[in-house]
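We number each residue from 1, following the sequence as shown. The figures that follow rest on heavy atoms only: side chains count, while hydrogens, waters and symmetry mates do not. The shown structure was predicted, so the numbers you read here are calculated from the model rather than taken from an experiment.
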Amino acid sequence: MATQIRNITIVGMGMIGASFAAAFRAQHPDSRVLGVDVSQESLDTALSRGWITDAALPEDPAFAAFVQSTCDLVMLAVPVDFAEGYFKRLDEWGFRGIITDTASTKGRICAVAERTLQNPALYLPGHPMAGSEKNGIEGARAQMFHGAHWILCPDERTHTQAYTAMHDLLADIGARVISLP
């Protein structure tokens, strides 16, 4: 498991996912960021703004290749109803980095991770307390998380290195990290 997060996949190029990509790339311009979304238009926008370095639709083999080769973190910035399918894929692909999410409620998504992932300790639930009056990628901005609280929900299985790496990454983009059960 990487102690420093350099190469990430963000599934969901909406307001939160794209804002995270923008903030991460601003702090780590030499990193690689794969954006995954069902909308080619959102991917093209994120690429043109330099927020992601690579783009893939969910069924694109490049998604699996990136996750299996160079990825340290996968952030699921999708509705909870879609998380299970992505958890299954990450598990099938043998991903052993950090998995996190941005869902506002944790009970359901944690239960899905528990029953889906062979190693649920890889999953570190999270939720940024930020937003915009605009929806989708048009509401995204690199400063979205400056001064905003970002809740992380580790449990007794969470690897210390994973929590520290995620905490440091979020602090780097200006978030105020809070740990809650």
Side-chain angles (χ1 to χ4, degrees), residues 8-24 33-46 51-52 54-68 71-141 144-145 148-155 157-158 162 166 169-170 175 178-181:
I8 66 174
T9 297
I10 302 170
V11 181
M13 285 287 105
M15 177 187 57
I16 296 295
S19 291
F20 182 77
F24 182 77
V33 177
L34 172 67
V36 177
D37 201 279
V38 296
S39 166
Q40 186 64 54
E41 184 178 338
S42 291
L43 293 171
D44 292 343
T45 298
W51 294 348
I52 59 175
D54 303 274
L57 296 168
E59 301 306 321
D60 188 331
F63 179 15
F66 187 86
V67 165
Q68 291 171 325
C71 191
D72 303 313
L73 167 74
V74 174
M75 175 176 285
L76 300 178
V78 296
V80 173
D81 291 341
F82 296 100
E84 184 169 5
Y86 289 108
F87 283 142
K88 285 180 180 177
R89 287 182 188 194
L90 295 171
D91 207 53
E92 289 168 7
W93 296 338
F95 182 64
R96 293 295 170 248
I98 302 166
I99 304 168
T100 192
D101 74 284
T102 62
S104 60
T105 60
K106 295 292 143 212
R108 211 167 98 210
I109 197 165
C110 288
V112 169
E114 184 69 33
R115 75 171 179 264
T116 306
L117 295 171
Q118 288 182 31
N119 184 359
L122 298 173
Y123 173 58
L124 178 55
H127 177 58
M129 305 297 286
S132 170
E133 67 282 352
K134 294 181 183 177
N135 291 327
I137 198 165
E138 293 309 316
R141 55 189 173 79
M144 174 80 62
F145 308 112
H149 291 100
W150 194 303
I151 299 168
L152 290 178
C153 303
D155 64 21
R157 295 179 299 193
T158 303
M166 193 68 198
L169 180 151
L170 296 172
I178 297 173
S179 179
L180 293 175

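Around CG of D81, the count of heavy atoms belonging to other residues, nucleotides or ligands within 6.0 Å exceeds 12. The environment of Q118 atom CD is sparse: at most 12 non-hydrogen atoms of other residues, nucleotides or ligands sit within 6.0 angstrom. A 6.0 Å sphere centred on CD of Q68 holds more than 12 heavy atoms belonging to other residues, nucleotides or ligands.
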Check the pair L122, R96 against side chain to side chain contact (heavy atoms under 4.5 Å, CB included), reporting the backbone distance first and the verdict last. CA-CA 7 Å; L122 298 173; R96 293 295 170 248; 3.5 Å; yes
Side chain to side chain contact (heavy atoms under 4.5 Å, CB included) between F87 and L76, intermediate numbers included: CA-CA 9 Å; F87 283 142; L76 300 178; 3.7 Å; yes
Show your working on side chain to side chain contact (heavy atoms under 4.5 Å, CB included) between I10 and V36 and close with a plain yes or no. CA-CA 6 Å; I10 302 170; V36 177; over 6 Å; no
Does the pair I137 and W51 meet the rule for a side chain to side chain contact (heavy atoms under 4.5 Å, CB included), with working shown? CA-CA 11 Å; I137 198 165; W51 294 348; 4.0 Å; yes
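Across all their heavy atoms, A77 and T102 have their closest contact at CA-OG1, 3.3 Å. When all heavy atoms of G14 and D37 are compared, the closest pair comes out as N-OD2, 4.3 Å. Scanning both residues, A140 and S19, for their nearest heavy atoms gives CA-OG, 3.1 Å. Taking every heavy atom of both residues into account, M144 and A130 meet most closely at O-CB, 3.6 Å. Heavy-atom minimum distance, V78 versus A83: CG2-N, 4.3 Å. Closest of all the heavy-atom pairs between C153 and K106 is SG-CG, 4.2 Å.
Within the 4.5 Å cutoff, the side chain of M75 has no heavy atoms near those of the T9 side chain. The shortest distance between side-chain heavy atoms of R157 and P120 falls below 4.5 Å. By the 4.5 Å heavy-atom criterion applied to side chains, L43 and L57 are counted as neighbours. You'll find the side chain of L152 stays beyond 4.5 Å of the side chain of P125, heavy atoms only. When side chains are defined from C-beta on, F20 counts as touching W150, because their heavy atoms get closer than 4.5 Å. Within the 4.5 Å cutoff, side-chain heavy atoms of V74 are placed close to those of F95.
Looking at residues two or more places apart in sequence or on another chain, you find no side-chain hydrogen bond (donor to acceptor under 3.5 Å, both in side chains) involving T116. Applying the side-chain hydrogen bond (donor to acceptor under 3.5 Å, both in side chains) criterion to E59, with sequence neighbours excluded, gives R89. Applying the salt bridge (charged side-chain N to carboxylate O under 4.0 Å, His left out) criterion to R141, with sequence neighbours excluded, gives no partner residue.
At distances below 3.5 Å, not a single donor-acceptor pair connects side-chain atoms of H127 with backbone N or O atoms of I151. One N or O on the side chain of T100 and one on the backbone of L124 form a donor-acceptor pair closer than 3.5 Å. A donor-acceptor pair is defined here as one N or O able to donate and one able to accept, closer than 3.5 Å; no such pair exists between the side chain of D72 and the backbone of I8.
If you run side chain to side chain contact (heavy atoms under 4.5 Å, CB included) between Y86 and each of I99, V11, D91, only V11 comes through. Under the side-chain hydrogen bond (donor to acceptor under 3.5 Å, both in side chains) test applied with Y123, the options D155, D101, T158 reduce to a single match, D101.
One finds no salt bridge joining R108 and E84 here, because no Lys/Arg side-chain nitrogen approaches an Asp/Glu carboxylate oxygen to under 4.0 Å.
Rounding to the nearest 0.5 Å gives a distance of 6.0 Å between CG of D54 and CG of L34. Rounding to the nearest 0.5 angstrom, the gap separating the OG atom in S179 from the CE atom in M166 is 12.5 Å. Annotation: the span from L90 atom CG to L117 atom CG amounts to 7.5 Å, rounded to 0.5 Å. Of the inter-residue distances, the one linking R115 atom CZ with C110 atom SG reads 11.5 Å to the nearest 0.5 angstrom. In this structure, CD1 on I178 lies 11.5 Å from CG on L170, to the nearest 0.5 angstrom. In this structure, CG on L180 lies 10.0 Å from NE2 on H149, to the nearest 0.5 angstrom.
Within the 6.0 Å centre-distance limit, the rings of F63 and W93 are counted as a close aromatic pair.
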